[in-house]
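This structure is a prediction, so every number in the text was calculated from the model and none was measured. Below, read A as the first sequence line, B as the second, and so on, with proteins coming before strands; counting in each chain starts at 1.
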Amino acid sequence: MSLADDDRLIGTRSRISAAMTGMIRERWGIAAEVDLGPPRDASFGDVSSQIALSIAGQLGLPPRDIADDMVAALREQSPSLGLAEVSVGGPGFVNLRFSDEYLEDFLGLLDARGLCGCLPDVGRGRRAMVEFVSSNPTGPLTVGHCRQAVLGDTIASLLRHVGWKVDREYYYNDSGRQIERLAHSLASRYSDIVSDGSTPFPEDGYQGGYIESWAGDLACRTRCFRWPDDAAEFASFALERAMAMIEQDLDRLGIRFDRFFRETELIPEKTERAIASMREVATPDGPLAYDDSEGKTWIRLTALDRPEDRVVRRADGRYTYRLPDIAYHLDKLQRGYDLLVDVFGSDHLDTSRDVVACVRRLAGPGEVDRKLRVVIHQFVTLMEGGRKVRMSTRAASYVTLGELIDLAGSADVTRYLFLTRRAEAHMDFDLDLARKQSDENPVYYVQYAHARISGILRNAREEGIGLPSAPGSVRGLLRHPRERELMRLLQECPFQVEAAAAALEPHRLTELMAEIASAFHGFYHSVRVLQAEEGSDTASARLLLTSATGKVLRDLLGMVRVEAPERM
RNA sequence: GCGCCCGUAGCUCAGUUGGAUAGAGCAGCGGACUUCUAAUCCGCAGGUCGCGCGUUCGAAUCGCGCCGGGCGUACCA
C-alpha cells in the first residue's frame, strides 16, 4: 500500500466529520463541528454523532428529521468514506458502521507502522514545555511528588507522540528562607559531629535522617566549617546533595529533565523587570505594583479579580514566592515555546491563579490563554492497615518516592497505578494492596496480554505460520464478533491518543489499554489463532490481528513507559 | 467565614464536555485448564449518580442552596 493510501486511511474519520459538516452547511446553512464518538451500545454502530440533537434547537426542527436527512445524504457517499451502514438511532443519533474492508486495511496499517506511526502530527514540530515536580530541594521526594512526576512525564510523552517537540523542566528554589533553614539544620548536625554541638538545632529545622548523613560526609572534609560564617558553604553543600537525591529518585521512575531551572537565575534582573513592568500597568485602583510606607512591594491582585493583594517583596528586599514565579513564566514565554504546561498540586492552585492573572496582564491575555495550560492534581492519601498515613516533610514523617517504589514492587507498577485516575480526582494509594503484587493490580492484566501475544508470535515462527502475504488477503476472514470488536477498538486508538494528548489526560491511556487487553483476552478464548479450524488463511489473518494488537499495546505501554514483557 | 477541587455499586474509580437502558476493575457467588500462557475467560448479583430545588425536548454532567471530605486562605514554597 502506498503512503498516500495510508494517509487516506488514517484520515477517514476526519473526512467523515468534514462530509457531515459540509452537508449541514449546504442543507441548512450553518457551521457545525461534528465529533464522532463511540455509541452507548456496540449494536448501534461503530461510531456515532449527536450533531442532529445539538443543532435541532438552533434550526427549530425535530432532531430525527435532521438525522434522517443526513443519513440519506451520507448513504450516497458511504463507500468512499469506508462506511457499510448508516442509520438513525434513538432521539436522533447518526450511527455509522465501518465497512469490513476499512477495518481490515486499518489493521494492516497498524501492524505495519505500529500505533506510533499512525498518530496525527498535531504539534507540527512546535515546541512545548512541561514544568513539573519543581519540588524545593529540602528533602526527598514523597508520594505526592511521585504522582506529579508520573503525570507530568506522561503528559510530556503524550505531547511528543503527537508531534510536539517537548522539553521537561524542573524549577526550584535555591535561595530563601527554606534553604537557609536547611543549611542551618545541616550546620547543627555537623556541629554535633565535629565539635560540641555548639550550633543548636533550629526550632523549625528539617529533621530527616538524610541531613545527618550529609553532615557526616561534610565532617570528613579537611576544612572545618562554622555557623553562621560558612552559611553559604552549608547551603550549597545541602543543595547539591538534595538535588542529587531528588534526581536519583526520579531516575528510578525513569524520568529525566531537560533542564533544572534555578530561581536565582531570575534574580535580580528578571524579577526587578517584572516589578517595573507591573508598576507601569495602570488599573482603576492605581498601578498593578505599588510600595507601602514600610518599603514593601505589593501586587494589586484585587484589580485582577483575585481575592487579595499580596506582598511580593518584603521590607528586607527578599521576594516572596509569587514574584519569581511570575518572572519565571514571563521567561518561559519569551523562550519561544508554543505551549507551556504547568503541573501543580492542589496546594498551589491559589498561587497559580495569581501568577497566571499577572502574566496574562503583562504578556497579553490572548497569548497566555493560547499557550499556557495548568494541570492541577489532587493529593494522594497513603493508606496502610486501613488507616491514613500522615505526611510532613519537615517532621520527617513521610514515605519517600523510593520507598513507595519498593513497596509497590516496581517503578512500572507505581507509574501505572498513578495513571489510573484523573489528575483532579483524590486518590487513595493502598500500600497493603501495592505490597501484595498480586493480580489485583491492573498493570499485570495489560502486561499479561502483551506477554500472551508474544508467546503466540513465538509459536507462529516455530510452526512456520506467517502473516498474510498481501494486504487484501484477510478479506472476510475476521468475522467473529470478538475479532470485529478488537479491530474496531484498535482502529480507534490513534484518535483516543490524540484526544488524551489534547486534553492532557494521561489516565485515558491506561483505560484504553485495559479495554484492548480485555478485548484481546476475549478474542483469545473465543477462537484459536494458530490452529484455526477454518484453515491456514484464517490462521494468518488472526495472526495479523494478534500482531497488530501486540504493537498497539507495546506502543501504549511505551507512552506511559511501562515495560511490555515478552514473557511472564 | 471565604475561594477552589471532589462526592457515581461493599471498595477503588471511568463516564468522550447536555444525549440512547449509568460502566469497569477488585471483593462476593456459580461455572471453564489432557487446548496458542488460568496473572485468563464466561455467567450472576450489586445504583434514590451525596440531598433538594431549578434551567429544557433531555441532567451524573449546567445554575442556586444545603450536607460530607480534601486543599488553600503567609511578608513559607
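The OH-C1' distance, from A:Y444 to B:C41, rounds to 21 Å in whole Å. Per the geometry, CG belonging to A:L301 stands 19 Å off P belonging to B:G72, to the nearest Å.
No side-chain donor-acceptor contact under 3.5 Å links A:W298 and A:D291. If you check the side chains of A:E263 and A:N173, you find a donor sitting under 3.5 Å from an acceptor. Using modelled atom types and a 3.5 Å distance limit, the side chains of A:R147 and A:Q378 yield no donor-acceptor pair.
For B:C71 and B:A32, the P atoms lie 49 Å apart once the distance is rounded to whole Å. When the P atom is compared between B:A60 and B:A22, the two are found 9 Å apart, to the nearest whole Å. Atom name C1', nucleotides B:U21 and B:U35: the rounded distance is 38 Å, in whole Å.
A donor-acceptor pair is defined here as one N or O able to donate and one able to accept, closer than 3.5 Å; such a pair exists between the side chain of A:H450 and the backbone of A:P565. Between the side chain of A:Y328 and the backbone N or O of A:R262, no donor-acceptor pair lies under 3.5 Å. A:K270 places no side-chain N or O within 3.5 Å of a backbone atom of A:A327 that could act as its donor or acceptor partner. Of the possible donor and acceptor atoms, one in the side chain of A:D46 sits under 3.5 Å from a partner among the backbone N and O of A:F98.
Residue contacts for A:D292: at a heavy-atom cut-off of 4.0 Å it reaches no nucleic acid atom on any strand shown. A:R318 comes within contact range of no nucleotide atom at all, as no heavy-atom separation falls under 4.0 Å. When heavy atoms are screened at a 4.0 angstrom cut-off, A:P38 is found touching base atoms of the nucleic acid. A:S135 comes within 4.0 angstrom of no nucleic acid atom, judged by non-hydrogen atoms across all strands.
Checked against B:A20, B:C76, B:A77, the side chain of A:P39 finds its nearest nucleotide in B:A20. Picking from B:C41, B:A22, B:A14 the nucleotide with the shortest atom distance to the side chain of A:H507 gives B:A14. Of all nucleotides listed (B:C71, B:C42, B:U73), B:U73 comes nearest to the side chain of A:E308. Checked against B:C71, B:A39, B:U17, the side chain of A:S346 finds its nearest nucleotide in B:C71.
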Distance-only donor-acceptor pairs under 3.5 Å for side chains of residues 49-65 of chain A, two or more places apart:
unit_1	atom_1	unit_2	atom_2	d
A:S49	OG	A:I51	N	3.1
A:S54	OG	A:Q50	O	3.0
A:R64	NH1	A:G90	O	2.7

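Nucleotide B:U17 carries a syn base; the chi torsion (O4'-C1'-N9-C4 or O4'-C1'-N1-C2) is within 90° of 0. Shown here, B:C33 is classed syn by the O4'-C1'-N9-C4 or O4'-C1'-N1-C2 angle, which is within 90° of 0.
For A:F523 and A:F520, the ring centers are positioned less than 6.0 Å apart.
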Using nucleotides 34-37 of chain B, report all nitrogen or oxygen pairs with the protein that are shorter than 3.5 Å.
unit_1	atom_1	unit_2	atom_2	d
B:U35	O2'	A:R528	NH1	3.2
B:U35	O2	A:R528	NH1	3.4
B:C36	O3'	A:N459	ND2	3.2
B:C36	O2'	A:N459	ND2	2.5
B:C36	O2	A:L530	N	3.0
B:C36	N3	A:V529	N	2.9
B:C36	N4	A:Y524	O	2.8
B:C36	N4	A:V527	O	2.7
B:U37	OP1	A:N459	ND2	3.3
B:U37	O2'	A:Y448	OH	2.1
B:U37	O2'	A:R452	NE	3.2
B:U37	O2'	A:R452	NH2	3.2
B:U37	O4	A:A451	O	3.3
B:U37	O4	A:M568	N	3.2

Between the protein and nucleotides 4-8 of chain B, list the N/O to N/O atom pairs that are separated by less than 3.5 angstrom.
unit_1	atom_1	unit_2	atom_2	d
B:C5	O2'	A:Q378	NE2	3.0
B:C5	O2'	A:E424	O	3.2

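Among A:I155, A:V375, A:V150, the single residue meeting the side chain to side chain contact (heavy atoms under 4.5 Å, CB included) criterion with A:P506 is A:I155.
You'll find the side chain of A:D309 stays beyond 4.5 Å of the side chain of A:I299, heavy atoms only.
The phosphate of B:C42 has OP1 or OP2 within less than 4.0 Å of a side-chain N or O from A:R482.
Contact check on A:R508 versus A:E505 returns a salt bridge, with a Lys/Arg side-chain nitrogen under 4.0 Å from an Asp/Glu carboxylate oxygen.
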Counting Watson-Crick and G-U wobble pairs with both distances under 3.5 Å, what is the dot-bracket string for RNA chain B, 5' to 3', using [ ] for crossing pairs and | for pairs to another strand? (((((((..((((.....[...)))).(((((.......))))).....(((((..]....))))))))))))....

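The CG atom of A:L323 sits 4.5 Å away from atom CD1 of A:I275, with the distance rounded to the nearest 0.5 Å.
Every residue meeting the ring pair (Phe, Tyr, Trp, His ring centres under 6.0 Å) condition with A:H348, not counting sequence neighbours, appears here in chain and number order: A:Y321, A:F344.
Within residues 43-52 of chain A, the residues having any heavy atom closer than 4.0 Å to RNA chain B are, in order of number, A:F44, A:S48, A:Q50.
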